[in-house]
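Please read the structure below before turning to the comments.
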Amino acid sequence: LPHATKVQLKVFNAIGEEVTVLVDEGKQSGIHICSWNGKDRYDRDVTSGIYFYHLKTDYFNESRKCILMK
C-alpha cells in the first residue's frame, strides 16, 4: 500500500455469494500478507473450486479469480 488506508478483502464463491471477509480494517502503508484457510465466515470448510477475491481500498478496487485445492 502506498498510503495508509482502509482495506477490505472479501472472498466470493462462483455464483457471487460472499464466503468470508479476510480483512476489514485500516492498514498502514507498506507490504501486507493475508492468507485464507479455506473456511467460510462460520468457520466451516468450503469445497475445492474456483473463488474470487475482491480487494477494496479508498483508492483501488480489484477482483481476481483464485483456485482452492484441498
Side-chain angles (χ1 to χ4, degrees):
L1 299 171
H3 310 285
T5 184
K6 181 174 182 351
V7 176
Q8 195 174 63
L9 179 59
K10 296 182 177 183
V11 177
F12 296 87
N13 62 20
I15 59 172
E17 297 170 329
E18 185 179 294
V19 174
T20 191
V21 177
L22 299 176
V23 178
D24 190 11
E25 63 188 10
K27 295 283 188 182
Q28 296 297 321
S29 63
I31 297 172
H32 300 272
I33 296 173
C34 181
S35 61
W36 177 36
N37 61 4
K39 295 186 181 276
D40 67 10
R41 73 182 77 131
Y42 305 109
D43 204 34
R44 298 178 300 204
D45 288 328
V46 297
T47 60
S48 296
I50 296 174
Y51 292 86
F52 296 87
Y53 63 90
H54 183 78
L55 176 64
K56 179 180 177 182
T57 70
D58 292 336
Y59 54 89
F60 183 79
N61 271 312
E62 184 170 73
S63 294
R64 295 239 174 142
K65 183 171 39 173
C66 61
I67 298 173
L68 176 65
M69 295 174 53
K70 293 186 176 187

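What you are looking at is a predicted structure, and each value in this text was computed from that prediction instead of being measured.
To the nearest 0.5 Å, the span separating CD on Gln8 from CG on Asp24 amounts to 4.5 Å. Asp45 CG to Asp40 CG: the interatomic distance, rounded to the nearest 0.5 Å, is 8.5 Å. To the nearest 0.5 Å, atoms CG (Leu9) and NE2 (His32) are separated by 12.5 Å. Taking NE2 of His54 as the reference point, atom CG of Leu22 lies at 13.0 Å (rounded to 0.5 Å). From Thr57, atom OG1 reaches atom NE2 of His3 across 9.5 Å, with rounding to the nearest 0.5 Å.
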Applying side chain to side chain contact (heavy atoms under 4.5 Å, CB included), run through Thr20 and Lys39 and close with a yes or a no.
CA-CA 8 Å; Thr20 191; Lys39 295 186 181 276; over 6 Å; no
Output, in order, the C-alpha distance, side-chain angles, deciding distance and verdict of side chain to side chain contact (heavy atoms under 4.5 Å, CB included) for Phe60 and Val7.
CA-CA 9 Å; Phe60 183 79; Val7 176; over 6 Å; no
Might you work through the side chain to side chain contact (heavy atoms under 4.5 Å, CB included) test for Asp58 and Lys6, ending with a clear yes or no?
CA-CA 6 Å; Asp58 292 336; Lys6 181 174 182 351; 4.2 Å; yes
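The shortest distance between side-chain heavy atoms of Cys66 and Tyr53 falls below 4.5 Å.
Under the 4.5 Å side-chain heavy-atom criterion for Ile, Leu, Val, Met, Phe, Trp and Tyr, Val21 and Val46 are members of distinct hydrophobic clusters. Hydrophobic clustering places Val11 together with Leu55 (ILVMFWY residues linked when any side-chain heavy atoms are closer than 4.5 Å, directly or through intermediates). Linking ILVMFWY side-chain heavy atoms closer than 4.5 Å, directly or via other members, places Tyr42 and Ile15 in two distinct hydrophobic clusters.
Nearest heavy-atom pair across Tyr51 and Thr47 is OH-O, 2.7 Å. Here the closest non-hydrogen pair linking Leu68 and Gly38 is CD2-CA, 4.1 Å. Between Gln28 and Leu1, the shortest heavy-atom distance links the atoms O-CD1, 3.7 Å.
Residue Tyr59 qualifies as enclosed at atom OH: its count of foreign heavy atoms under 6.0 Å is above 12.
The closest donor-acceptor contact from the side chain of Ser48 to the backbone of Lys70 lies under 3.5 Å.
Lys10 pairs in a salt bridge (charged side-chain N to carboxylate O under 4.0 Å, His left out) with only one of the listed residues (Glu17, Glu62, Glu18), which is Glu18.
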